[in-house]
Amino acid sequence: MIAQLSIKVKGIRPSLAIFADADWTGNVRGYVSEELLDRALGMPDITTMEQLIGERACIQMVKDIGMDLAFTGITDMPYSKLSDNFGHYFHQSEQIPSYFWSLLLINEENEVVRSIGIAAQLLPGAPPSILRQIKEAVIERERQAPFCLNDDTIEVLPNLLFEDIEVMSTNTLQLFCECSKPVFYPMLYSLGITELKVACANRQSIEFVCHACGQAYSFSPEEIAGLV
Ligand SMILES: [Zn+2]
């Protein structure tokens with residue numbers, strides 16, 4: 001069983017990156033680097049991953065299976081859609097035929113307000129045509145009418161695609177990161193007493209950003225003074 005799965009999409013520079021991880025209890029977290037987000041917002045008619053993240057981008061996955069055992073896989077990204085590149089990753093790295101698809105609903109503030117997706121993988125011995133059927137069902141459904149993303153879409157999605165589908169189980173996911181302000185105290189101390197005193201004297205706040213979820217934590221001059 002996988003205890004934790006971490007995914008990194010890395011561009012030509014470390015500042016162009018997408019990170020996400022999930023654990024077996026359904027906790028998910030992630031972030032898009034600021035430079036990549038700015039690029040995406042500044043290029044509304046972008047059509048390929050290469051335009052966005054540059055050539056030589058790659059997907060890196062780390063599977064933590066517990067007991068200090070982890071497996072890392074890495075592949076290139078030859079396709080224009082991120083979801084197709086994930087399919088490519090599993091095919092190349094784990095020899096598992098896979099199909100991924102996702103749809104995001106983005107508001108005027110460029111925030112993702114809702115998303116749905118499909119991750120389909122063949123069990124050993126299953127005919128590869130099943131993946132093609134799923135892909136064709138999605139394309140056909142999108143051709144008939146665009147998916148409308150509302151509260152019920154996730155529950156009805158399987159039935160929108162196939163009439164004779166049986167839901168075996170459901171799991172909930174939640175956005176969760178174990179970071180908190182106290183986690184950043186050691187980093188604050190590591191700046192050194194001189195720098196902290198300078199920040200207090202200049203009435204400056206010091207901010208840290210969690211690199212797993214993007215949450216920012218700010219220490220006010222008063223808080224810094226208390227620590228000093
Ligand atoms: Zn965090």
Side-chain angles (χ1 to χ4, degrees), residues 1-42 49 52-53 57-74 77 82-83 85-86 89 100 102-117 119 149 154 171-192 195-196 199-200 204-228:
M1 192 177 76
I2 302 170
Q4 189 160 42
L5 179 67
S6 305
I7 301 172
K8 234 185 221 173
V9 173
K10 297 197 280 194
I12 29 172
R13 292 193 299 282
S15 53
L16 290 172
I18 303 170
F19 168 83
D21 74 8
D23 68 21
W24 66 278
T25 63
N27 291 328
V28 293
R29 59 183 182 170
Y31 72 89
V32 175
S33 70
E34 215 163 327
E35 188 181 339
L36 187 58
L37 194 61
D38 288 344
R39 269 176 99 136
L41 297 178
M49 278 306 289
L52 181 64
I53 207 164
C58 63
I59 292 179
Q60 179 187 308
M61 284 198 201
V62 180
K63 272 185 186 176
D64 181 346
I65 57 167
M67 294 182 294
D68 288 332
L69 280 174
F71 296 100
T72 303
I74 191 159
M77 297 175 66
L82 195 52
S83 49
N85 285 303
F86 280 114
Y89 173 89
F100 291 86
S102 67
L103 187 65
L104 305 177
L105 180 65
I106 295 170
N107 68 12
E108 285 175 0
E109 279 80 50
N110 285 310
E111 295 164 338
V112 176
V113 283
R114 219 167 252 138
S115 66
I116 54 171
L149 284 187
I154 291 171
N171 291 304
T172 51
L173 303 175
Q174 54 282 328
L175 190 63
F176 176 78
C177 181
E178 68 267 26
C179 70
S180 63
K181 204 165 180 177
V183 168
F184 291 92
Y185 282 127
M187 285 179 75
L188 193 64
Y189 288 128
S190 73
L191 293 175
E195 191 163 337
L196 295 179
C200 291
Q204 277 175 336
S205 296
I206 295 177
E207 188 178 89
F208 293 100
V209 177
C210 171
H211 273 252
C213 71
Q215 173 75 42
Y217 294 94
S218 181
F219 291 87
S220 66
E222 290 75 23
E223 286 174 288
I224 299 166
L227 291 167
V228 169

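Counting from 1, the numbers follow the sequence of the chain as shown. Numbering of ligands and ligand atoms starts at 1, following listing order. Quick caveat: nothing in here was measured; it's all calculated off a predicted structure.
- Our summary of the site lists the angle at the Zn ion (ligand 1) between SG of Cys210 and SG of Cys179 as 110°, to the nearest 10 degrees.
- Taking all atoms of both residues into account, the shortest heavy-atom contact from Asn85 to Ile59 is O-CD1, 3.6 Å.
- Scanning all heavy atoms of the two residues, the minimum distance from Gln204 to Ile224 falls at O-CD1, 3.8 Å.
- Contact annotation: His211 places no N, O or S atom under 2.8 Å from the Zn ion (ligand 1).
- At distances below 3.5 Å, not a single donor-acceptor pair connects side-chain atoms of Ser102 with backbone N or O atoms of Gly117.
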Could you list the donor-acceptor pairs under 3.5 angstrom formed between side-chain atoms of residues 172-181 and any protein atom two or more places apart in sequence or on another chain?
unit_1 : atom_1 : unit_2 : atom_2 : d
Gln174 : NE2    : Thr25  : O      : 3.3
Gln174 : NE2    : Gly26  : O      : 3.2
Gln174 : NE2    : Asn27  : OD1    : 2.8
Lys181 : NZ     : Ser218 : O      : 2.9
Lys181 : NZ     : Glu223 : OE1    : 3.2
Lys181 : NZ     : Glu223 : OE2    : 2.8

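- Vertex the Zn ion (ligand 1), arms ending at SG of Cys213 and SG of Cys177: the angle is 110° after rounding to 10 degrees.
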